[in-house]
Amino acid sequence: MILTAKVNWKSLSAVLSLAAAFVLCFVGGQMETRVVSASVPDDVMQAHRDYLAALGWETEGLVSTDRVILPEEFTPEYEAYLSVQADGGFDLLPCAGETVTRYTYAVSNYPSGEEEVLADLLVLDGAVVGGELRSAALDGFMIGLVPREQVNS
């Protein structure tokens, strides 16, 4: 039996680029993650929901919380991820080597209607120092944490 498939090379390239950025940033590179099992205080979650709401994003709740150790030096492999951060107005370079907490929230109002969209907030000493919006889908996306009205559906 022979199976054939039509491949959209542009979409495949985008998916592979995002997967590579994720692997480099959170798995295979210097960034290291650790799951945080402690509960998040209600006032912290409310502050995060307010922050995201100010950008026009509605959340369905906290999905996960973990610690991320940022690399001491952001090598060229991190260029795409740093660009995503810059799109959202963040500069992670001053946070090099720091341990941040990543709070991941489910987003319910992505303009395209896509489901399984997540908002990550990178928090250091109570301040949001980075973040992104991303799809949990296999062929998903990752964009800067920008106001909702700046996102094309």
Side-chain angles (χ1 to χ4, degrees), residues 14-153:
V15 169
L16 292 176
S17 295
L18 282 174
F22 180 79
V23 167
L24 285 171
C25 291
F26 296 110
V27 179
Q30 296 174 12
M31 283 190 183
E32 183 178 323
T33 63
R34 295 187 187 125
V35 175
V36 177
S37 59
S39 64
V40 178
D42 289 340
D43 61 330
V44 171
M45 284 196 302
Q46 185 60 50
H48 294 166
R49 284 193 298 267
D50 291 347
Y51 182 89
L52 292 166
L55 294 171
W57 300 110
E58 296 173 7
T59 60
E60 294 179 351
L62 185 64
V63 173
S64 67
T65 304
D66 55 339
R67 301 243 189 249
V68 177
I69 301 171
L70 300 175
E72 293 286 336
E73 179 181 338
F74 287 97
T75 57
E77 292 85 15
Y78 292 99
E79 188 174 310
Y81 186 70
L82 292 174
S83 177
V84 166
Q85 295 302 312
D87 290 345
F90 299 109
D91 179 9
L92 289 180
L93 294 178
C95 302
E98 297 284 351
T99 299
V100 298
T101 303
R102 179 176 51 201
Y103 297 90
T104 301
Y105 292 88
V107 173
S108 60
N109 66 333
Y110 197 76
S112 68
E114 183 167 345
E115 296 181 10
E116 297 185 42
V117 175
L118 304 171
D120 292 325
L121 298 179
L122 302 179
V123 177
L124 178 63
D125 297 329
V128 177
V129 296
E132 65 270 342
L133 292 164
R134 61 185 169 91
S135 170
L138 182 59
D139 61 344
F141 62 87
M142 180 184 287
I143 63 171
L145 189 57
V146 296
R148 186 175 185 272
E149 67 264 7
Q150 290 182 14
V151 176
N152 297 327
S153 53

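Just so you know, these numbers come straight off a predicted model, no measurement behind them. Every heavy atom of this structure was used, including side-chain atoms; hydrogens, water molecules and symmetry mates were not.
- Between Asp91 and Val129, every side-chain heavy-atom pair lies at or beyond the 4.5 Å cut-off.
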> For Tyr51 and Tyr105, what are the C-alpha separation, side-chain angles and deciding distance, and is it a side chain to side chain contact (heavy atoms under 4.5 Å, CB included)?
Replying inline: CA-CA 12 Å; Tyr51 182 89; Tyr105 292 88; over 6 Å; no
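- Atom CD of Gln150 sits in a crowded spot, with more than 12 heavy atoms from other residues, nucleotides or ligands closer than 6.0 Å.
- No donor-acceptor contact under 3.5 angstrom links the side chains of Asp42 and Gln46, judged on distance only.
- No donor-acceptor pair under 3.5 Å is formed between the side chain of Arg49 and the backbone N or O of Glu58.
- Residues satisfying the side-chain contact (heavy atoms from CB on, under 4.5 Å) criterion with Val63, sequence neighbours excluded, are Thr104, Ala106, Leu118.
- Residues Trp57 and Val151 form a side-chain contact, since some pair of their non-hydrogen atoms from C-beta on lies under 4.5 Å apart.
- Residue Leu145 holds its CG atom at 6.0 Å from CG of Leu52, rounded to the nearest 0.5 Å.
- Of the inter-residue distances, the one linking Thr65 atom OG1 with Leu121 atom CG reads 10.0 Å to the nearest 0.5 angstrom.
- The shortest non-hydrogen separation linking Val40 to Met45 is CG1-CG, 3.5 Å.
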> Going through the distances and angles, do Leu82 and Leu93 end up as a side chain to side chain contact (heavy atoms under 4.5 Å, CB included)?
Replying inline: CA-CA 9 Å; Leu82 292 174; Leu93 294 178; 4.1 Å; yes
>> Determine whether Leu133 and Met142 satisfy the following criterion, side chain to side chain contact (heavy atoms under 4.5 Å, CB included), listing intermediate values before the conclusion.
In response: CA-CA 6 Å; Leu133 292 164; Met142 180 184 287; over 6 Å; no
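- Residues Glu114 and Ser135 have side chains that bring a donor and an acceptor to within less than 3.5 angstrom of each other.
- In summary, the side chains of Tyr81 and Glu132 do present a donor paired with an acceptor at a separation below 3.5 Å, with no hydrogens or angles considered.
- One finds the CZ atom of Arg102 at 7.0 Å from the CG atom of Leu122 (value rounded to the nearest 0.5 Å).
- Sorted by first then second residue, the ring-ring contact (aromatic ring centres under 6.0 Å, His included) pairs that include residues 83-103, not counting sequence neighbours, are His48-Tyr103.
- Judged by distance alone, with hydrogens and angles left aside, the side-chain atoms of Asp125 form no donor-acceptor pair with the main-chain N or O of Val100 at under 3.5 Å.
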